[in-house]
Every structure is written in C-alpha cells, then in structure tokens.
**Student:** 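Handing you this structure, nothing more for now.
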Amino acid sequence: MSTRNGADSSCTLCNCAMRADFHGAGDARARKEQAIRLLRSYELEAYRIAHYMLQDEREAFAAAAQALLAVAGFPGLLALTEEERQAAVKRAVLRESLQVARDRPRSSHMEGSE
C-alpha cells in the first residue's frame, strides 16, 4: 500500500489513487506518535500537580488535559531536552490550574471557610 519511492498507492477507504512521497508522511506520523508517547508519559504528573492545586478530581483532569494539549502544540517539542519538556508541562499545568481556579464559582470554593 505505502511506498517510499512515491509510486501510486490505492486508498482502501475511498478507492482513490494517491501520488505522494510517503517517506515524508511516515516521518511526520512517526514524530506525531513520538510526541503522543512523550505527552502520555507526563499525564500522571500533570494530574498530580493539578489535583494538588485544585483539590478536585474533575477540575484536575480538565486542567491537566488542557495543559497537555497546549504543550502538544509547542513547535519543536521533540527537540527540547527532558528537563525543558518537564518544565514546559509544569508551567502549562500551573497556568491551566490557576485558570480553572479563577473560573470557579465563589460559593463552591468558599463553602467550608465560614
């Protein structure tokens, strides 16, 4: 089906002929999959940070997910060092957690304080 030399290939979903250099497409797919694996490795830490800040499971999940999506959009994500990626994830989680906390209705945050 896919070739590295740019030969015709049939698409089984729409039965069309495609002319492309699949080597470039394969590289892009491999980079995307690598980025996904990297981000998945940060999921638990992102959730832990968000939960510590927000003390709410649903809010922490949402904040962590938004933060990881933001980091996924970083240009050059794969070129960063491990320490730079960790710092980027942490900053994004802190930023998203603070935004979630700001968006909370005042009453739910203040219930136990009176």
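If you're wondering where the values come from, they're calculated on a predicted model, not measured in any experiment. Residue numbers count from 1 along this sequence.
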**Student:** Drop me the distance from Glu82's CD to Tyr42's OH, to the nearest 0.5 angstrom.
**Tutor:**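 Rounded to the nearest 0.5 Å, the CD-OH separation comes to 3.0 Å.
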**Student:** Of all heavy-atom pairs between Val93 and Ala50, which one has the smallest distance, and what is that distance?
**Tutor:**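 Residues Val93 and Ala50, closest heavy atoms: CG1-N, 3.7 Å.
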**Student:** Identify the heavy atoms of Val71 and Val89 that sit nearest to each other, and give their distance.
**Tutor:**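 Minimum heavy-atom contact is CG2-CA, 4.0 Å.
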**Student:** Locate the shortest heavy-atom distance separating Leu98 from Met53; write the atom from each residue and the value.
**Tutor:**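 Taking Leu98 first and Met53 second, the nearest heavy atoms are CD2-CE, 3.7 Å.
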**Student:** Restricting to non-hydrogen atoms, name the atom on Glu96 and the atom on Gln66 that form the minimum distance, rounded to 0.1 Å.
**Tutor:**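 Closest heavy-atom pair between Glu96 and Gln66: OE1-CB, 3.6 Å.
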**Student:** So do His51 and Phe61 actually touch side chain to side chain, heavy atoms under 4.5 Å?
**Tutor:**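 The answer is no, as the side chains (C-beta and beyond) never meet within the 4.5 Å cut-off.
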**Student:** Will you find, in the side chains of Gln99 and Arg102, an N or O donor that is under 3.5 Å from an N or O acceptor?
**Tutor:**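 Yes, a side-chain donor-acceptor pair sits under 3.5 Å.
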**Student:** What heavy-atom pair brings Leu54 and Ser97 nearest, and what distance separates the two atoms?
**Tutor:**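 Closest approach of Leu54 to Ser97: CD2-O, 3.3 Å.
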**Student:** For the atom pair CG (Leu38) and CZ (Arg31), what is the distance rounded to the nearest 0.5 Å?
**Tutor:**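 If we round to the nearest 0.5 Å, Leu38:CG and Arg31:CZ are 13.5 Å apart.
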**Student:** I want to check something: taking the side chain as every heavy atom from C-beta on, are Glu45 and Ile49 in contact at a cut-off of under 4.5 Å?
**Tutor:**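 Yes. Closest side-chain heavy atoms under 4.5 Å.
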**Student:** If hydrophobic clusters are built by linking Ile, Leu, Val, Met, Phe, Trp and Tyr wherever their side-chain heavy atoms come under 4.5 Å apart, do Tyr47 and Leu94 end up in the same one?
**Tutor:**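 No, no single cluster joins them.
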**Student:** Would you compute the distance between atom CZ of Arg85 and atom CG of Leu78 and round it to the nearest 0.5 angstrom?
**Tutor:**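 One gets 7.0 Å once the value is rounded to the nearest 0.5 Å.
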